[in-house]
Structure formats: C-alpha cells, structure tokens
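Here the structure is laid out as structure tokens; the discussion comes afterwards.
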Amino acid sequence: MVHVGIGYDVHPLVEGRKLILGGVDIPHTKGLEGHSDADALMHAICDALLGALGEPDIGHFFPNTDPRWRGAASAVFLKEAARQVGARKGTIINVDATIIAQQPKLFPHIQAMKTNIAEALAVNIKQVGIKATTNEHLGFIGREEGIAAMAVANVDLP
Ligand SMILES: [Zn+2]
C-alpha cells in the first residue's frame, strides 16, 4: 500500500552561520540558525518520510536539547528515516520538495542537493525532486529573515 507523508520546516537566517541546504554549503552572507546544521530541506524530507510511516517528526528522534546533534550533518537524520522505512520492509517510491527562499539563487545547487539526498536515502536520483521558489518579497521569507522547505514522500509499505 502506498503511503504519503508531508513535511515542513523553517529556520531563521542569521549572520555568522553557514547556509546548508540539501547538504550543499551554499555561498551567502547569512546562514540558517539551528541546533544541527539547520538544513531545512533535509529536515522537511525527513518529516515527510516519517509522516508516511505514521511516526512523529524528527525532533522526537533527535531532540535539539541533545548535545550529540549539535552541528550535526542532517544526512544523519535522513539516513535514520530511510532506516525506519527499511525496518518496516517499506520502499521509498519518491520524495519531492520545494525550498522557499528569497535569496540566494538556489537553482545552480539543485543537482548537488539531489545527489546528496539520493545518497543519504539510498535511492536513485530520479526518485528525488527538488525545486526552489522565492516568496515574491512577501512576509518573513521575502524579507530574508528565514528559509522554509516543504516536502512529500511516497512510501510503499507491506
Ligand atoms: Zn529543521
């Protein structure tokens, strides 16, 4: 049976942090604030996969109060989500995500993000969709105060 899951994440954009999205270190004047590397894209995909399993979000499995996850590369979280799918004898059909960021231009980095995410999930790159859009200068994203990501995941479960 095919299960769908949805994920959403947002992190504040601040000075003095690296901007990591989809595991790619993107040159920018600001980066995302968070306990881990604050990779909103990977976090949203993670929550989509966990949602397809009916599990709680990644904060449940990786609390932001745990020093082990301080500065952690978020691929660790994706690998755990994929492991949970495997533990249920499930198969990831595809994941699809949209990053909402006013700046910087993300299109040049999309392919590298797909490669990283496919590798962390042990799926083919063709099973990973990633798009980026701006927020047309509206709201907190438009004012470049934060970056959001949303994702869906399709998982075939026995
Ligand atoms: Zn997050």
Side-chain angles (χ1 to χ4, degrees), residues 3-85 92 94-107 109-123 127-135 138-155:
H3 289 228
V4 63
I6 185 169
Y8 173 80
D9 195 32
V10 59
H11 284 267
L13 260 179
V14 296
E15 283 174 14
R17 288 273 300 185
K18 283 183 171 183
L19 176 58
I20 310 282
L21 286 168
V24 180
D25 190 343
I26 298 163
H28 193 44
T29 52
K30 297 195 250 182
L32 294 176
E33 177 85 294
H35 185 70
S36 64
D37 64 3
D39 190 328
L41 174 60
M42 282 195 176
H43 295 179
I45 293 172
C46 210
D47 278 355
L49 286 164
L50 293 170
L53 299 179
E55 294 289 342
D57 66 31
I58 70 166
H60 177 84
F61 297 102
F62 301 97
N64 63 10
T65 49
D66 190 329
R68 278 182 298 171
W69 315 122
R70 182 178 296 281
S74 293
V76 171
F77 309 150
L78 271 186
K79 284 176 185 165
E80 169 59 17
R83 189 199 64 76
Q84 291 198 24
V85 171
I92 297 170
N94 77 309
V95 296
D96 185 29
T98 298
I99 308 164
I100 310 147
Q102 193 61 47
Q103 287 286 346
K105 286 268 173 288
L106 297 176
F107 183 75
H109 306 287
I110 296 285
Q111 202 60 24
M113 292 179 195
K114 285 185 177 182
T115 300
N116 290 342
I117 288 159
E119 187 180 295
L121 296 177
V123 299
Q127 291 164 275
V128 179
I130 300 175
K131 295 89 63 200
T133 185
T134 73
N135 220 36
L138 294 168
F140 73 90
I141 294 172
R143 291 190 298 270
E144 299 174 41
E145 294 166 5
I147 287 178
M150 55 180 78
V152 290
N154 280 302
V155 175

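Both ligands and their constituent atoms are indexed starting at 1 by order of listing. The first residue of the sequence shown is numbered 1, and numbering continues consecutively from there.
- Residues Met113 and Ile99 have side chains in contact (heavy-atom distance under 4.5 Å, counting atoms from C-beta outward).
- Between the side chains of His43 and Asp9, a donor-acceptor pair is found at a separation under 3.5 Å.
- For Cys46 against Leu78, the heavy-atom pair with the smallest separation is N-CD2, 3.8 Å.
- With contacts defined as side-chain heavy-atom distances shorter than 4.5 Å, the pair Leu21/His109 does not qualify.
- Around the Zn ion (ligand 1), protein N, O or S atoms at less than 2.8 Å comprise Asp9 OD2, His11 NE2, His43 ND1.
- Ring geometry for Trp69 versus Phe62: interplanar angle over 60°, hence perpendicular rather than tilted (30 to 60°).
- Leu19 contributes atom CG, which lies 7.0 Å from atom CG of Leu106 (distance to the nearest 0.5 angstrom).
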